[in-house]
Amino acid sequence: MTSGQTHHLCTRIHSFHHLYKIDIGTLPECGVGRLLERLGDAGLADRIRASCHAISGGNPRLVKALLRDHLKAARSGAGGDVTVGAEFQEAYQRCLLGHQALLQVAQALAVLGPYGSPWRVASLLEYGEERASRAMDLLNSAGLLEDGRFRHPAARSAALETLAAEDRARLSARAAELLYADGADPIAVAELLVAADKTPDQKGVAVLWQAAQKNLDEGCTEEAIASLRLADRADLSRREHMDIHMALVGALWSSNPATAEPELDRLLAAIRAESPADIPEQYQCFLLFMVLWFGRYGDAEEIFKWSSGGGDTDTASSMAALRVTRQWVTFLKPMLIHDFPGQDAPDGEVDGLWAANLEHGLQLSVDELGMEIGHLQDPRQIADFSPDAMHLLSPSNHFWFAYAYACRIVWALAAKGESEAADRLCGALFTAADKLNMKTPCAVALSMRAYIRCRHGDFTTAIDLAGTALRSIPPRGWGVAIGLPLSVLVAAHTAMGRLEEAQRYLHYWVPKEMFDSVVGLEYLRARGQYCLASNRPYAALNDFMVSGMLIDQWPVDFGDLAPWRIDAAEAYLRVQEPAEAKRLALEELKLSPDRPLSTRGRALRILAMAEDPDKRRLLLYQSAKCLREQGDRYELARTLTELSQDYLSTGETQQARTTWHEVQRLMDECGMSAQHESRRELVVDGVESRGSSQLSQDAGESEHAEDDEAPDTAVESAEQPVLSEAEWRVATLAASGMTNRQIAKSLYITVSTVEQHLTRVYRKLSVGNRQELSRRLWLLIGATGASSC
C-alpha cells in the first residue's frame, strides 16, 4: 500500500506484527538513467538523465512523461536538452489530482510563486501551518517540489491550470493582501493584483504605479502595461488618471506604437471633456510628440495652443520637457517651430565633444543620464520639481531625455559630415534602449545608424540595419517616421543596382503627413534617386524640386540633410540642360563653407560634367580630393569614374586603367558584386544619356552580364587589333555621346577625318553602334594588364 500515515487503514495494518513498512522514495539520478535506458537507448539516457532528474525529482511518472516529450521534439527537429511539454504537464496534474489536500497546497504555492512558505499557504487556505508544512513535505518527497519550490516553471503552470478562473482570482487577491502586509516587492504584489483582475482601491493603485515604474526601468514593458491598465480602472482624481494614462500611452508606444493610438484617442477625449489648459506643461509636450508621431497635425495644432496659451514654464521639469519636445517637433513638423516656447539647445551642444559626453553617459548607465544630458545641470534644481512629477527622474525617463537629445545631435553631426561620431552615438543609443527593452527607440536608433552608413557608402550594412528596424515595428506603428528606414532601403538598393528591391520598398504605404517632416525629405530624395536610375529624370527632378520648396518654407536650417540642389542638378544633366545644372551646382558651392566636404565634392563633380571638356579635369581632381577627405567611397567612385573616362578621351589609357581599377575596389567596399559589369552605369549617372540614345536599364544589365560572364573576354580583348592614339581619342569621345561635329571641333580635325577614324574603330572592335562601342571600350580598359594602345 502506498498510503500516508493519516489514512485510517494504517493503524489497523500496523497491528499485524508480521507486516512491516517500506519507505519507497524517488529515483536517484542513476536510477533515472537506468529507467531512461530501459525505455530508450543508452546514449539518450546519458545525455538527458541529469536534466530529467532535476525536473522530475526522480518521480518515475514524470520521468516517463519527459522522455515522451523529448522524443516528440526530436522527431520534429528540435534537439539539445530535454524538452518539457504537454506530456509532462499532464502527468504532473495527474499526480496532484489524486490527492485533493496536496492539490490545494500546490495551487496555493503556484499562486504565491517565489513567496510561497508554509505559513503563507496556511493563511491563504485558512488552515494550520503544521498541516501545510506536512503537505509540502509530502510533495517534496514525491519529487513534485524541491524545498517547497516548483522544480520547473512548467510545473507551476500545470498547477495553476487546475484552478478555475474564479478560484484563481480569489486566491490571487488574498495573496496580494498577504504580500502587501508583509512589505513584499511591489512587482510581486502587482502581479497578483493583475491576476485577480479586480478594480483596485487607492492602496492597490499606489502599488500598481510603483510596480509599473519599476518594471519600465527594468525593461519589463509588458508587465508595466498590465499594471497601468488595471490601475486606470480605479476611481481616481483627474490628475491621477492623467498620470496613469500618460504612462500607459508612453509604455505602449515604446513597445508597439500601433497599440498606443487608441489609448491616445481616449486620453485626448478625457482631457477635452474638462479644462485642457491647466494640465502640466510636460504632459502637453508629451501629447504633442505622440500626435506628431502619428501625423495628426490637427490635434497637434490644438495641443500646441494649450502649450502656448499659458501655464508655468519656469520650473525645471517644464523647461526640460519643452527642450526635449522641441527636438522632436523640429523633425516631425518643422512648421510648428516658429512660435514654439523656449529656446533651442546652444550650438555648442552639437559638437563632437558633447556627442562624446552623451555617448559616455549612455554607455555608463541609464540612471546617470539625468546629469549627463544636463536636464538637471544643478542637483539643487530637484527642489523645483513638484512631488507628483518626481517619477520623471526614474531611469526610463532619464532615457527619454537622453534619447531626444541624442537623436537631435545625431542629425546635427550627420549634417556636418561627422559620420563616425554620429555612428558611435547611434550605437550607444541603441544599447541604452535595448537595456530598457524599448522596441520603438531601438528601431529608430537602428534606422538612424542605417542612414549614416548609407551616406558613408556602406550599403550592405545599411540595408541590414534598416531592414531589421522596419521589421521590429508593425508598419502602421511607425507613423510618419516610416520614411526613415524606407528611404535608406530605397537609396541603398538603388545605389547597388537592385532596382526591383528598391521598387518593392517604394510600394509600402506611407502617410501623406510624412512629407511635412524631415523624414519625408529623405524619402523624396531616395525616390528621386530611384527614378534617375530607372531612366525617369523628370519624375526625379520633380521630387528634388519639391524637397527644395519644402526646405525653403521651413524656419529651420537642416544643412546637408537634403542637398536638393545637387540632386536636381544631376537630373538636369539627364534631361540635357547643363546650364541649369551648372547654376544649381554653383549655388551649392556658395553654401559649401557650411556644408560637409562630401557635398562640395558632389557639387564639383556636377559642375565638371556641365562645364566644357577643357575645364573638366581640374574640377574632377578637386571633387576627388574633397570626397577622399570625407571618406565617402560611393561618391568618390562616381567622381573617379568620370575622371577615368576623361583620361580615356585624351588617350591616357594607363591613367584611365589605374583609376578604373580604384573605382572597382571602391565598389567592392560599398558591397557591389564584382560580377556586376554594369556597375559603371551605377556610379556615373547620365554618361550614356549624353548620347543620342540610351539602352534600357534591364536590357543593358542583361547584355553586360552576358559579356562579363564570358570566360574568354580578356582573351578576346587582347586579340583585338591595336587602336592608334588618334583612334582612341575619337572612339572615347564618340562613346561619351558627342556628335561627329563636336568631336571634330574638340580635336581640331575635320568631320570627314572623324568618320574615317570611327569606321576603322568599328571594324577593329567589331561593334555596330556607339552603345556597343562604349561597352567594349570599358571592357578593354577594365581588363587587368591588357593594353589596348
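Note: hydrogens, waters and symmetry copies are ignored here, and every other heavy atom, side chains too, is used.
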Handout entry: Distance in Å, R633 CZ paired with M667 CE, rounded so as to fall on 0.5 Å steps
Key = 9.5 Å
Handout entry: E755 atom CD, neighbour heavy-atom count above 12 within 6.0 Å
Key = yes
Practice task
Answer whether the closest heavy-atom distance between the side chains of S447 and L465 falls below 4.5 Å.
Solution key: no
Problem - side-chain contact (heavy atoms from CB on, under 4.5 Å) between I463 and M496, intermediate numbers included - result: CA-CA 11 Å; I463 288 171; M496 298 178 73; 3.8 Å; yes
Problem - Separation of Q630 CD from R455 CZ (nearest 0.5 Å) - result: 8.5 Å
Fill in the blank from the handout: When every non-hydrogen atom of L620 is compared with those of T639, the smallest separation belongs to O-CG2, 3.5 Å
Exercise for the section: Step by step, work out the side-chain contact (heavy atoms from CB on, under 4.5 Å) result for I606 and E588. Expected result: CA-CA 11 Å; I606 297 298; E588 189 66 47; over 6 Å; no
Problem - Between OG1 on residue T461 and CD1 on residue I452, distance to nearest 0.5 Å - result: 12.5 Å
Completion exercise
By salt bridge (charged side-chain N to carboxylate O under 4.0 Å, His left out), R602 pairs with (sequence neighbours left out) D567, E570, E635
Completion exercise
Output for pair (L521 CG, W554 CH2), nearest 0.5 Å, gives 4.0 Å
Exercise for the section: Please determine if E629 and K625 form a salt bridge, counting it only when a charged side-chain N lies under 4.0 Å from a carboxylate O. Expected result: yes
Practice task
Could you tell me how the ring of H493 sits relative to the ring of Y505: parallel (under 30°), tilted (30 to 60°) or perpendicular (over 60°)?
Solution key: parallel
Exercise for the section: Quick one: sort the Y634 and F459 rings into parallel, tilted or perpendicular, breaks at 30° and 60°. Expected result: perpendicular
I'd like a table of donor-acceptor pairs (distance under 3.5 Å, sequence neighbours excluded) in which one partner is a side-chain atom from residues 540-552, with atom names and distances.
residue : atom : partner : partner atom : Å
D543    : OD1  : R527    : NH2          : 2.8
D543    : OD2  : R527    : NE           : 3.0
S547    : OG   : D543    : O            : 3.1

Fill in the blank from the handout: To the nearest 0.5 Å, atom SG of C670 lies from atom CG of L666 at 6.5 Å
Handout entry: Test item: D632 and H456 side chains (from C-beta on) under 4.5 Å apart, heavy atoms
Key = no
Problem - Contact check, side chains of I482 and M514, non-hydrogen atoms, under 4.5 Å - result: yes
